[in-house]
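Just so we're clear, the structure is a prediction, and the values are computed from it rather than from any experiment. Throughout, a chain's letter reflects where its sequence line sits, starting with A, and its residues are numbered from 1.
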There are 2 protein chains.
Amino acid sequence: MIKETNGIRGGRRGPEQLDLFDRKILGALAEDALQSYAVLGKAVNLSPPAVHERVKRLRRSGVMKGAHAALDGTALGKPLLAFVHVEAAGWGKSERLMQLCRFPEVEEMHSVAGDASVIFKVRTGSPRALEAFLSQVHAVPGVTGTKSYVALSTYLERPVQAEMTSDWPEYPLPA
Amino acid sequence: MIKETNGIRGGRRGPEQLDLFDRKILGALAEDALQSYAVLGKAVNLSPPAVHERVKRLRRSGVMKGAHAALDGTALGKPLLAFVHVEAAGWGKSERLMQLCRFPEVEEMHSVAGDASVIFKVRTGSPRALEAFLSQVHAVPGVTGTKSYVALSTYLERPVQAEMTSDWPEYPLPA
DNA sequence: GGTGAAACAGTCGCTGA
DNA sequence: TCAGCGACTGTTTCACC
């Protein structure tokens, strides 16, 4: 006989709900993934092994996919950030278009609903490099046009946040 | 007398150029910020203390700003990703608009050149929550309209890459 | 999930080139 | 002056309560 120690159903696996401890741990790791389990445990009132156990579980379940260094694009020689909207005849997502992801300048690629088929987020070293990317996009069969939005200032750029505003409509604007 | 051992000028400090070792280290840390200096050193053929010294220097100079955990939006209960373009009368960037960054659903905010003043990247739990965000945007004085691009699929989403394609125009499409 | 101990890696000082 | 080596400190991680 199987003892049900996991809450509701013993057989449930995968999309298990996250409790407040998990949210706090994930939020702290999203801010700084390099802090030790000791300080992490202090922040959430848990022992280091307990934190470690939860982090391992969160990584296994796929909620936390890893940790990445945050690099400064300008310092790396890529001061130009742009969002490129691609309009295409028919179904925009083609194998040919996805090959553009090979370029290290491309950071994101989404297919979207709206008056665009695909949106690229591109960080280049110069307007010339952005032009070269656009020429590559236009060389893809089916592409009918592009619209580029060059970032003048970036006021916020952060990873996925663990918190949610529980009830949006009534949520007050924070002071 | 000061010996010039740092390449060109001994007195230069701050925006020092990155050599191939730095690029490799940064690239490896962008992929996985949690790997030890030992394996990092093996990857770039450097001793662990040497790698550590370089990482410290890169953090001081601001090229590497930190490390963040990569969380899965869907697993966190935020399956809906959207880019919201804000059109505003006059200069779009207002203090009132920047307060929207307080919402954890907002991940990016850029002022851009093009037929939009500001672009938000928003990750919400439901269409209802996105609607609530849009209502907050429209409540900001000066905002004349919004255009939302809801992501249907995300084909690529990665941090700033350390590599650059040295010469874009002639760069061949990778197979 | 908490407590202890062992294994491990990060960190500093030293030596050699 | 810089890279490689060894000892100390702190963290990770395991077995047990």
Assign each of Leu46(B) and Lys56(A) to its nearest nucleotide of DNA chain D by heavy atoms, then name whichever residue's nucleotide is nearer the 5' end. Leu46(B)
Contact list for DNA chain C against residues 47-55 of chain A - heavy-atom distance below 4.0 Å: Ser47(A), Pro49(A), Ala50(A), Arg54(A)
Expressed as a whole number of angstroms, how long is the span from [X]:[atom1] to [N]:[atom2]?
X	N	atom1	atom2	answer
Leu34(B)	dA9(C)	CG	P	14 Å
Lys24(A)	dG1(C)	NZ	P	14 Å
Leu40(B)	dA3(D)	CG	P	15 Å
Arg57(B)	dT11(C)	CZ	C1'	18 Å
Gln35(B)	dT12(D)	CD	P	16 Å
Asn45(B)	dA3(D)	CG	P	14 Å

Any salt bridge between Asp19(B) and Arg54(B), counting N to O under 4.0 Å? yes
Salt bridge flag under 4.0 Å for residues Arg123(A) and Glu157(A): yes
Are the aromatic rings of His110(A) and His85(A) close, with centres under 6.0 Å apart? no
Aromatic centroids of Phe83(B) and Phe83(A) separated by under 6.0 Å: yes
A side-chain contact here means heavy atoms from C-beta on lying under 4.5 Å apart; do Phe133(A) and Glu105(A) qualify? no
Does some side-chain heavy atom of Val137(B) sit less than 4.5 Å from a side-chain heavy atom of Leu100(B)? yes
Among dT11(C), dG2(C), dC14(D), the nucleotide that comes nearest once only the side chain of Tyr37(B) is considered: dT11(C)
